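Being a predicted model, the structure only gives us computed values, none of them experimental. All residue numbers refer to positions in the sequence shown, counting from 1.
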Amino acid sequence: MPPAEHRGVLAPPGPPGFDEQAAEIPDHLLRSPVWTDEAVAASGIPVVDVPFVTVGGGMGSFVMVDVLRIAGVRPEQVKVLTNLRHPWENYAYLTGVSQLPPNYRIRSDASSMPDNLWGFPSYAARRAFRSRSVTGFLAPLWNVLTENLLTDYWTPLAGEVFEGMRREADRIGYWDSVAHGQARMVRRRAAGGYFTVFTTQGARRQRVIYRSAHVQLAVGYPSIRFLPDMQEFRARHGNAQRFVNAYEPHEHVYEDLKSRPGTVVVRGGGIAASAIIHRLLNDREQHGAQTRIVHLLRNYVSGPHGPSRFMRRRGGKGWAHQGFNWPKASWGGQLKMRLERAGDDERRELWKVMKGSTTPYRKGWQKQLERARRNGSYTAVQGTIARVDRTDSGSVQLHCTDAGGAAQAITADYLVDATGLIGDLRSHRLLHDLVEVSGAPRNVLGRLDVSTGFEITALRSGPGRIFAAGAATEGAYYAPADSLLGLQYAALRIADQLADDGFGKKITSARSVAQWCRFMRGVAP
């Protein structure tokens with residue numbers, strides 16, 4: 001179990017780059033994609049043997065360990081290499097700074113439960129049975145029964161997800177598998193399997209090499225997206241307070257705007273932009289803020305849109321609406337099957353259709369937006385930023401072009417960029433090394449090319465296999481790979497293949513029922 005003060009804390013991940021203080025790897029190994037046991041032994045770096053290594057330590061690693069434990073794998077047979085204090089740390093940090101703290105709903109289905117492979121009882125059922133009133137018991141159950149018809153989609157609070165993961169981590173002995181530090185690279189082993197270079201964290205930092213039969217990479221998004229206009233503005237003016245990214249700490253924006261009238265521009269049309277605008281409107285309604293919000297959209301959506309009547313999204317007044325980050329048919333329906341059968345060209349076109357910034361349609365939020373439109377505090381405009389300057393008063397001035405190419409200028413106290421995170425492999429040292437040195441192929445979107453079973457088949461090493469899950473696989477055969485349910489799907493596919501190779505057991509119907517009973521009683525697998 002992690003220390004109590006580390007449970008649910010919204011904090012950035014541990015410090016990167018500390019491994020430079022450890023003993024360096026010989027140059028001939030750095031240049032080689034395949035290492036021999038003799039060369040590693042000659043380097044003098046200690047070697048630790050473990051059957052399975054997962055790199056990342058976030059939700060992708062957590063659900064992988066959870067599934068393997070349910071499949072009969074012991075904690076000492078798995079090693080989680082991470083610089084995170086707990087699996088939800090990075091997610092909690094990103095959702096927190098983008099205005100989705102633990103007491104807010106996230107964009108996830110009631111049964112998409114990283115702590116519960118079976119999805120039952122769901123988050124809605126949990127909340128119902130925790131309630132102390134008849135209304136409180138019936139409300140979440142009614143919501144899931146009528147969602148998207150009479151009610152909005154039911155989604156859990158972020159804090160409910162984190163607390164469930166903590167309980168499951170304790171149950172499966174997850175903490176016994178964790179090694180804190182920084183994974184630097186993965187290399188194929190000449191005799192089969194892989195070497196993972198790792199630097200321990202603590203007062204005495206030591207380079208260690210984990211020798212394993214199998215590896216899973218679940219490193220999440222490499223970095224925050226700092227667009228060129230933001231980088232150029234900060235380079236010229238050295239001011240990171242007025243032009244901020246949604247995924248970096250920026251609470252000063254809201255506190256300042258609560259204390260005085262002001263204007264803020266929010267750029268982006270996804271869930272982060274909607275959460276930030278919701279926070280700004282709440283501050284107006286609950287704290288008397290006199291903030292004017294200008295919502296800047298590259299693509300202004302005026303109504304339902306899509307390439308055909310069978311592939312259309314709801315939309316209007318600037319926003320594209322979708323209940324979840326991907327169409328539901330891509331989880332286990334026709335879009336999933338089409339992606340699996342498609343060649344590169346067709347798959348690229350399907351990704352173009354499914355991608356795009358969207359946000360859920362929620363009745364209460366729509367009413368709030370409508371009130372703000374009527375009183376003039378919220379305006380949505382279409383435009384693209386060409387340059388951002390600072391005025392003599394310290395404000396920011398945006399030089400934009402609208403859809404017709406006409407120039408326009410917008411002056412604001414703050415500019416909040418909510419255009420997303422970066423999935424470029426070059427932004428992550430380990431993934432970049434895997435591509436450039438080990439020769440991992442890229443898919444149609446430039447991410448890791450994995451099979452329908454999430455294996456990087458080009459890097460198979462003897463009987464050993466290397467897998468990848470999450471954002472690094474976007475563009476492959478499974479669209480919602482970075483969702484909570486998608487991470488579980490990837491873990492199940494990986495566990496099935498490992499069971500075929502003799503690592504763990506198949507999760508048959510009988511085993512699944514037996515393990516669910518143990519889960520419900522809080523007993524270790």
Side-chain angles (χ1 to χ4, degrees), residues 13-14 16-20 22-26 28-58 60-62 64-65 68 73 75-84 87 177-202 205-220 222 425 428-440 448 450 454-456 458-470 472 494 498 503:
F18 52 74
D19 55 334
E20 278 72 22
E24 286 303 318
I25 300 168
H28 70 279
L29 287 181
L30 287 174
R31 295 190 297 267
S32 175
V34 181
W35 293 359
T36 65
D37 290 333
E38 293 77 15
V40 171
S43 72
I45 301 174
V47 175
V48 178
D49 286 302
V50 64
F52 186 89
V53 164
T54 175
V55 178
S61 291
F62 172 80
M64 186 74 253
V65 175
L68 288 177
V73 175
E76 63 270 19
Q77 293 179 291
V78 179
K79 188 57 67 175
V80 181
L81 306 183
T82 180
N83 63 355
L84 302 177
S177 299
V178 173
H180 290 288
Q182 183 76 47
R184 179 172 179 180
M185 65 185 69
V186 178
R187 290 286 194 274
R188 281 172 286 174
R189 180 182 175 224
Y194 303 89
F195 293 110
T196 304
V197 180
F198 182 72
T199 302
T200 61
Q201 185 175 357
R205 294 160 185 165
Q206 180 185 21
R207 187 89 72 191
V208 177
I209 293 178
Y210 282 91
R211 181 168 52 197
S212 63
H214 310 289
V215 173
Q216 182 217 28
L217 305 176
V219 298
L425 304 185
H428 192 281
R429 182 173 61 182
L430 187 148
L431 298 181
H432 179 69
D433 177 85
L434 197 72
V435 171
E436 296 300 319
V437 179
S438 296
L448 290 177
V450 298
F454 298 90
E455 181 188 357
I456 309 175
L459 299 187
R460 184 174 293 188
S461 180
R465 301 187 185 204
I466 182 169
F467 303 93
I494 293 169
L498 294 176
F503 184 67

| said: A side-chain contact here means heavy atoms from C-beta on lying under 4.5 Å apart; do I25 and M185 qualify? | reply: yes

| said: Please report the interatomic distance OG(S461) to CZ(R187), rounded to the nearest 0.5 Å. | reply: 12.5 Å

| task | To the nearest 0.5 angstrom, please state how far the CD1 atom of I466 sits from the OG atom of S438. | result | 7.5 Å

| If we only count heavy atoms from C-beta on, is the V73 to F503 side-chain gap below 4.5 Å? | yes

| query | Is there side-chain contact between V197 and W35, with at least one heavy-atom pair below 4.5 Å? | reply | yes

| Which of these passes side chain to side chain contact (heavy atoms under 4.5 Å, CB included) with V178: V78, L84, L81, T82? | T82

| remark: To the nearest 0.5 Å, atom CD1 of I45 lies from atom CG of L29 at 7.5 Å

| field | Straight-line distance of T199 OG1 to N83 CG, nearest 0.5 Å | value | 11.5 Å

| message | Could you tell me if R205 and T200 have a donor-acceptor pair between their side chains, going purely by distance under 3.5 Å? | response | no

| said: How close do A179 and Y210 get, counting heavy atoms only, and between which atoms? | reply: CB-OH, 3.8 Å

| For the atom pair CZ (F467) and CE (M64), what is the distance rounded to the nearest 0.5 Å? | 8.0 Å

| task | Decide yes or no for L434 and L217: does some side-chain heavy atom of the first lie under 4.5 Å from some side-chain heavy atom of the second? | result | yes

| note | Looking only at heavy atoms, the pair that brings A39 and H28 closest together is CB-NE2, 4.4 Å

| query | So do the side chains of D37 and F195 get within less than 4.5 Å of each other, counting heavy atoms only? | reply | yes

| field | Ionic contact status for R184 with D433, cut-off 4.0 Å | value | no

| task | Just do the side-chain contact (heavy atoms from CB on, under 4.5 Å) check on L448 and V435 with the steps written out, would you? | result | CA-CA 8 Å; L448 290 177; V435 171; 4.2 Å; yes

| query | So which heavy atom on A183 is nearest to which on V55, and how close? | reply | CB-CG1, 3.6 Å

| note | Nearest heavy-atom approach of P463 to G192 is CD-CA, 4.4 Å

| query | Would you say the side-chain atoms of S177 pair up with the backbone N or O of V80, donor to acceptor, closer than 3.5 Å? | reply | no

| Okay, side chain of S43, backbone of V40: is any donor-acceptor separation there less than 3.5 Å? | yes

| query | Between Q216 and F52, is any pair of side-chain heavy atoms under 4.5 Å apart? | reply | yes

| request: Could you pull out the closest heavy-atom pair between S212 and P51, with the gap in Å? | output: CB-O, 3.7 Å

| request: Kindly compute the distance separating CZ (R465) from CZ (R460), expressed to the nearest 0.5 Å. | output: 4.0 Å

| request: Return the minimal non-hydrogen interatomic distance between F62 and P87, and the atom names on each side. | output: CB-CB, 3.7 Å

| query | Going by heavy atoms in the side chains, are Y194 and R189 under 4.5 Å from each other? | reply | no

| message | Less than 4.5 Å apart, side chain to side chain, heavy atoms only: is that true for L425 and H432? | response | no

